[in-house]
> 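Below is one structure. I have some questions about it.
Just so it is clear: chains get the letters A, B, ... in the order the sequence lines come, proteins before strands, and each one is counted from 1.
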Amino acid sequence: MTIERLRTDILILGSGGAGLFAALHAQRAGQDLDITLATKGLLGKCGCTRMVQGGYNVALNPGDSVERHFMDTIEGGKWLPNQELAWTLVSKAVERVRELENEIGCFFDRNPDGTLHGKAFAGQTFDRTVHKGDLTGIEIINRLMEQVWARPGVRKLEEHRALALIPSRDGTAIAGVLFVDIRKGTFRFVEARAVLLATGGGPTMYRYHTPSGDKSMDGIAMALRAGLPLRDMEMVQFHPTGLLAGPETRMTGTVLEEGLRGAGGHLLNGDMHRFMGDYDPKLERATRDVVSRGIYAEMKAGRTSPNGGVYIKMSHLGPKDVAKKFKGMVDRCRDCGFDLAGGLVEVVPTAHYFMGGLVCNADTSTAMPGLFVAGEDASGMHGANRLGGNGVANSTVFGGIAGDMMPAWLVRNPGHRTVNEEVLQAEVDRAQHPFRKKPGDLNTLREKLLDLMWEDVGVTRDEAGLDRALTGLENIEAELLSTGIPDGDKAFNLTWHDWLNLRSQCETSRVIALAAKQRRNSRGAHFRTDYPEPGDLATSCFTMVRQTADGLKITDEPVRFTHVKPGETLLGVKDAAE
Amino acid sequence: MNVRLYLWQRMTAAAMVPLLIVHLAVIFYATRQDLTAADILSRTRGSVAWALFYGVFVAAAAIHASIGVRNILVEWTPMRHRTAEIASIGFAILLGVLGLRAIAAVVLP
Amino acid sequence: MTALLLNHRRNILWFAAMVHRLSGIGLAAFLPLHFLVLGMAIGNGENLEGFLRWTDAPLVKFAETGLVFLLLVHMLGGLRLLLVENFSWRDGQKLMALAATVMSALVAFAFLIRVF
Amino acid sequence: MQSEMSVSLWRGGEDGAYVTYKVPERANQTVLDVVTWIQRNVDSTLSYRFACRVGMCGSCAMVVNGRPRWTCRTHVSKVAKNGALQIGPLQNMPIIKDLATDMKPFFEKWQSAKGVFEPSKTRHDPIEEIRPDTPERVAADAAVECINCGVCYSACDTVRWNGDYMGPAALNRAWSLVNDVRDSGQAERLQAVASGGGCHSCHSHQTCQQFCPQSLNPTAAIAGLKRRTVQAYLKGDLKK
Ligand SMILES: Cc1cc2nc3c(=O)[nH]c(=O)nc-3n(C[C@H](O)[C@H](O)[C@H](O)COP(=O)(O)OP(=O)(O)OC[C@H]3O[C@@H](n4cnc5c(N)ncnc54)[C@H](O)[C@@H]3O)c2cc1C
Ligand code: HEM
Ligand code: SF4
Ligand code: F3S
Ligand code: FES
């Protein structure tokens, strides 16, 4: 099969908050640079930034401070974050939100006096979450998307799936990225001097998950294959209330907002018992991970609703009031056939955000020269848990930094690099693997993976389950490699992409299970029933995994407390007392 | 369509509303059983007021309808914009000439 | 075969738009004829008189009724559009469109009774 | 026995055809789920587009039993007629394959309507204080939550008949910006939407407003533009 070739200076993968911001900043910084943005779906219409409901954390209010936001982030992350990255995140967020408002055109909600409104979000000591109603992501992405469309200088490759990072001939740096043009089913190699990986992670290998359907951990899988170190891979954040609509519907797993519990919604198990009291005195208002574990425990004990979850009940708050206060959510449920305001809706914990990803520096550079990373693909900002509202802050802050850094890096590193054609050819070959095999049952295989990850590498974990998972994953991957798809029309062939998605998910799932086995304590999103204690904070380590010639190598790396040590705070005495 | 054509079309439409109501009232009045041509003409002949009334009406209708026809030609026929424009101007002139001739016929003594 | 799917047209407001357009075309077609007839009055009243007698024919009366209807639906429908375009939004557009059509039909009917 | 419904899907490009499939009924099933079921179980080459699954990305719109809709948020029971569904690609956009269309013209027109914010400040300035109850803010807000799904564009016959027409979504966005007091590109924007193919080409068919899944009202937004451009024109602010 022929490969179409294209040359560019800067290549950006993904059109979420990170990718779009990088494109804008790169264009602004480097006048004559050729910039290409490639994305799996339509520009700005795929990925999770669009799905942000809650909002954007930023310390803009005079009563708040960057230090306070930082401490919330570190404590939320259970002292695992890379403090340099976390500091960059919270301090740069201030400028980024001003940029979003003043230059990009986002029109965030205001207080009656005209100042920016900050709402309360779980786990934070200040109401600092800036938002636009409960559709903040749509506002952010639509505005970014418009700005990028308005710049003809940015080449757009829509519905282009990145398949592999291709190194230079001497193996010292990145030389470009191989794609499949989804619409045509053909291969395209984009040779680039600098590449930004911003494909947005996305733990979609769980039976219940919230992220958009185009995300399948491709970026992290590609980086793993290219030999890059990954960290915090055991850290998968679950949202406690995903919609449970039964099998074979894409609605299942989609998120029911946090505010429902906050407003006084009750969770009932299959016996109609309000069970959260059995787990935490704060009942439904306990933190995400606690509520998720409570529900998961009820499910494991078999006290479930018909589809195997629990119920959320809002009707005692008055169906009319609920319908008014949570209009968007109630409408969405109604469209799908559920009565949230007046009836019972089945819910389950659902995989929401991936804290793990590429090891990177505060300037978004990685271990591979020329490769940069931003957004959910990058790791270290959140540690063991991401605060609600820090996700979109992360992608926009670091996407912008990447856009600033890449042109500067290009000045110091002129010229394209010679491509390693063998790797390129091997990757083209690899992508076509399923067409050479006898067509098989991909759906059952996917279900198998989703179930395995949910059961054994899910909300709570233990040694036996993780061992089971590691063997199971080997088998699933082997089975995948022998399962083909009909060798017909490759143009817009979603089944081919389902197969490729599954492969990325298998590769990354293995790392998640391995890292989860490595961490013998419980921090934030990672809970081991056999090691329920958080362990000593002062000697905290994070896990780091890389692919080597003889398999996955995992190590524990000590956290460096560059800004603040456990037990200390950056807040002044007065601040802290509040 | 652009703002200029739009404005003309909507202004003439608004202007025609009272004119048309009066006109319809006249028609109703005129459709009594025993109406003759002489009856009509006796009222209109030599009347500057009626001349003005119908003059404005004809002008408005010619402008309004020709812009409307232009839109329809553009949207419903393969005609190019330029051709549609010429056709609609032609239509406007036709309406104007016929209309003024009709007014002349009924008001000139 | 084409992928043409047009059920979005099955709604009152779309029909209202078409009634407006078709009545506009009807009027535009009729107007030159109307002027032509009036223009016959040039010189003497004879031609017109003959014409007016001809209009006594029932078929012609029906046609005239149709014209009154066209004028009215076009005017009332046009008024609705002018309201939509120039004043702040009000709901119940379907009702207004329906009312315009019904009213036009009623007046046209009254006209029909009168001319017979 | 499990009950089945009969689903016909558009297959191929512009000169394709409808093909009928049998799909098992489920209690919870959206139109997108039906399409997915066919791709997963009957014909692996079926093409369609979706991303978020919850009505936020506007990728999944298709024409279902003759009406454009967001398929991820449309329960089958709401639209099936006697257990039958006919699903086609969005109208007024080129078909790529099967149910997936090329939305490029839609976004190009968004740009020609100047549907992009023009800043008057920078990231170094404080965020402007704007009271939420000012009429401009209320108007900008009312039009802002568009997910660019193309449903209105597909349902508007003026778009179908007039290739130059920018369409409801693009103009709706322009209206939101016209009311944005922070924007510095107002003159150019009014000029753009007042030109041929702009707001004056809209005949207020109102199908856009009736079908917008976000309950936006492009008809009212376009009417606002018509008023605003006329004012500007009369004041002599528009170049002819
Ligand atoms: C339902 C939901 C609600 C959320 N709410 C909040 C919130 O309230 N506050 C908050 O801070 N965070 C929230 N988050 C998290 C937040 O959305 C993400 O952390 C953040 O948007 C990630 O941005 P990103 O740019 O890294 O990735 P994304 O926005 O996900 O974009 C990834 C992009 O990469 C593309 N891509 C993927 N694979 C490939 C490939 N192989 N080739 C080419 N392109 C590819 C995708 O198509 C997409 O364009 C929420 C997430 C979800 C799912
Ligand atoms: C009081 C009287 C009238 C009013 C209020 C009125 C109103 C309107 C309006 C608002 C439109 C614009 C529709 C659109 O394009 O969105 C229109 C179109 C039109 N009008 Fe009138 N009109 C009137 C009388 C007439 C007359 C007397 C004629 C014929 C001679 C006429 C012919 C047309 C035509 C041909 C169109 C174009 C229709 C279309 O594009 O759909 N109108 N009218
Ligand atoms: S205005 Fe409504 S229908 Fe049109 S694109 Fe936006 S959300 Fe979709
Ligand atoms: S449907 Fe079309 S004609 Fe105007 S009111 Fe809406 S854009
Ligand atoms: S899939 Fe995103 S709107 Fe339907």
> Closest approach of Asn148(D) and Met145(A), non-hydrogen atoms and distance?
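For Asn148(D) versus Met145(A), the nearest heavy atoms are ND2-CE, 3.5 Å.
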
> So, Thr254(A) side chain and Val54(D) main chain: donor-acceptor pair closer than 3.5 Å or not?
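Answer holds: no.
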
> Can you say whether Arg446(A) sits under 4.5 Å from chain D via the side chain, the backbone, both, or neither, judging by heavy atoms?
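Arg446(A) touches chain D through side-chain heavy atoms alone.
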
> So, the side chain of Asn28(D) versus the backbone of Gly246(A): is there a donor-acceptor pair under 3.5 Å, distance only?
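No, the answer is negative, given that no donor and acceptor are paired below the 3.5 Å cut-off.
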
> Considering only heavy atoms, which portion of Gln29(D) lies under 4.5 Å from any heavy atom of chain A: side chain, backbone, both, or neither?
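Just the backbone, heavy atoms under 4.5 Å.
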
> Is there a donor-acceptor contact under 3.5 Å from the side chain of Gln147(A) to the main chain of Phe117(D)?
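Side chain of Gln147(A) to backbone of Phe117(D), a donor-acceptor pair under 3.5 Å: yes, one is there.
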
> Can you tell me how far OG1 of Thr45(D) sits from CD1 of Ile485(A), rounded to the nearest 0.5 angstrom?
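So the gap between those two atoms works out to 10.5 Å.
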
> Give the member of Asp141(D), Thr134(D), Asp133(D) that has the highest number of heavy-atom pairs under 4.5 Å with chain A.
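Most pairs with chain A among the choices: Asp141(D).
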
> Work out which heavy atom in Gly114(A) is nearest to a heavy atom in Pro132(D); give both atom names and the distance.
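It is N-CD, 4.3 Å.
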
> Which value, rounded to the nearest 0.5 Å, describes the distance between Glu145(D) atom CD and Asp134(A) atom CG?
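Reported value, rounded in 0.5 Å steps: 7.0 Å.
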
> Could you tell me which non-hydrogen atom of Phe492(A) sits nearest to which non-hydrogen atom of Tyr48(D), and how far apart they are?
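Residues Phe492(A) and Tyr48(D), closest heavy atoms: CE2-O, 3.4 Å.
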
> Could you tell me whether the side chain of Arg137(D) reaches within less than 4.5 Å of the side chain of Arg110(A), counting heavy atoms only?
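Yes, close enough: below the 4.5 Å cut-off.
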
> Taking every non-hydrogen pair under 4.5 Å, which of Leu100(A), Thr115(A), Thr252(A) racks up the most with chain D?
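Ranked by heavy-atom pairs under 4.5 Å with chain D, first place is Thr115(A).
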
> Quick one: which residues of residues 169-189 of chain D reach chain A at under 4.5 angstrom, heavy atoms only?
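Against chain A, the residues of residues 169-189 of chain D that fall inside the cut-off (heavy atoms, under 4.5 Å) are Arg173(D), Asp180(D), Arg182(D).
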
> Given heavy-atom pairs under 4.5 angstrom as the criterion, report whether the side chain, backbone, both or neither of Asn142(A) touches chain D.
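Side chain of Asn142(A) only, per the 4.5 Å heavy-atom cut-off to chain D.
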
> Quick check on Phe338(A) against chain D: is it the side chain, the backbone, both or neither that has a heavy atom closer than 4.5 Å?
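The side chain, not the backbone.
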
> CG of Asp489(A) to OG of Ser47(D): how many Å apart, nearest 0.5 Å?
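Taking CG in Asp489(A) and OG in Ser47(D), the distance rounds to 7.0 Å.
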
> Check whether Asp498(A) gets within reach of chain D through its side chain, its backbone, both or neither, counting any heavy atom under 4.5 Å.
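Only the side chain of Asp498(A) comes within 4.5 Å of chain D.
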
> How close do Lys45(A) and Cys149(D) get, heavy atom to heavy atom, and via which atoms?
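Taking Lys45(A) first and Cys149(D) second, the nearest heavy atoms are NZ-N, 4.1 Å.
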
> Please look at Glu139(A) and chain D and tell me whether the side chain, the backbone, both or neither of the residue comes under 4.5 angstrom of a heavy atom of that chain.
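Just its side chain gets close to chain D.
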
> Going from CG on Leu494(A) to CD on Gln39(D), what distance comes out if it is rounded to the nearest 0.5 angstrom?
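Result: 5.0 Å between the selected atoms.
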
> At a heavy-atom separation under 4.5 Å, does Arg143(A) approach chain D through its side chain, its backbone, both, or neither?
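Looking at Arg143(A), just its side chain touches chain D.
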
> Against chain A, label Ala140(D) side chain, backbone, both or neither, depending on which of its atoms sit under 4.5 Å from a heavy atom there.
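Contact with chain A is through the side chain of Ala140(D) alone.
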
> Chain D: which of Val94(A), Asn493(A), Asn443(A), Leu116(A) shares the most heavy-atom pairs with it under 4.5 Å?
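Between Val94(A), Asn493(A), Asn443(A), Leu116(A), the count favours Asn443(A).
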
> Between the side chain of Arg250(A) and the main-chain N/O of Cys72(D), is any donor-acceptor distance below 3.5 Å?
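No; judged by distance alone, with no hydrogens or angles, the pair does not exist.
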
> What heavy-atom pair brings Ile96(D) and Arg183(A) nearest, and what distance separates the two atoms?
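Taking Ile96(D) first and Arg183(A) second, the nearest heavy atoms are CD1-NE, 3.4 Å.
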
> Chain D heavy atoms under 4.5 Å from Cys48(A): which part of the residue, side chain, backbone, both or neither?
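Neither part.
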
> Counting heavy-atom pairs under 4.5 Å to chain A, which of Cys57(D), Pro119(D), Pro126(D), Gly115(D) comes out on top?
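Option with the greatest count: Cys57(D).
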
> Examine whether an atom of Val255(A) lies under 4.5 Å from a heavy atom of chain D, and if so say whether it belongs to the side chain, the backbone or both; otherwise answer neither.
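For Val255(A), there is no contact with chain D at all, as no heavy atom is under 4.5 Å.
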
> Checking Asp98(D) against chain A: side chain, backbone, both or neither under 4.5 Å from a heavy atom?
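Neither part; nothing is under 4.5 Å.
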
> Among all residues two or more places apart in sequence or in another chain, which pass the side-chain contact (heavy atoms from CB on, under 4.5 Å) test with Thr74(D)?
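Once residues adjacent in sequence are excluded, the partners of Thr74(D) under the side-chain contact (heavy atoms from CB on, under 4.5 Å) criterion are Val31(D), Arg69(D), Trp70(D), Val79(D).
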
> So which of Cys46(A), Gly337(A), Ala150(A) has the biggest tally of heavy-atom pairs under 4.5 Å with chain D?
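Max contact count across the listed options: Ala150(A).
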
> Rounded to the nearest 0.5 Å, how far apart are CZ of Phe108(A) and CD1 of Ile127(D)?
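It comes to 7.5 Å.
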
> Could you look at Ile138(A) and say if it's the side chain, the backbone, both or neither that has a heavy atom under 4.5 Å from chain D?
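Just the side chain, heavy atoms under 4.5 Å.
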
> Considering non-hydrogen atoms only, spot the tightest contact between Arg123(D) and Glu99(A) and give its length.
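Closest approach of Arg123(D) to Glu99(A), heavy atoms only: NH2-OE2, 3.3 Å.
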
> If we only count heavy atoms from C-beta on, is the Met56(D) to Leu135(A) side-chain gap below 4.5 Å?
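Answer yes - side chains close enough.
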
> Under 4.5 Å heavy-atom distance to chain A, tell me which part of Ser120(D) shows up: side chain, backbone, both or neither.
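Interface part for Ser120(D): backbone (N, CA, C, O).
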
> Looking only at heavy atoms and a cut-off of under 4.5 Å, which of Ser212(A), Gly41(A), Pro211(A), Gly44(A) has the most pairs with chain D?
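Result: the option with the highest number of such pairs is Ser212(A).
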
> With sequence neighbours excluded, tell me which residues meet side-chain contact (heavy atoms from CB on, under 4.5 Å) with Lys121(D).
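Result, side-chain contact (heavy atoms from CB on, under 4.5 Å) vs Lys121(D): Asn102(A), Asp125(D), Glu128(D).
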
> Between Leu60(A) and chain D, which part of the residue has a heavy atom less than 4.5 Å away: side chain, backbone, both or neither?
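Side chain only.
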
> Sorted by first residue and then second, give each salt bridge (Lys or Arg N to Asp or Glu O under 4.0 Å) pair with at least one member in residues 39-65 of chain D; sequence neighbours left out.
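Only Glu159(A)-Arg49(D), Arg11(D)-Asp43(D) qualify under salt bridge (Lys or Arg N to Asp or Glu O under 4.0 Å).
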
> Between His75(D), Arg26(D), Arg73(D), Arg131(D), which shows the greatest number of heavy-atom pairs under 4.5 Å with chain A?
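Result: the option with the highest number of such pairs is Arg73(D).
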
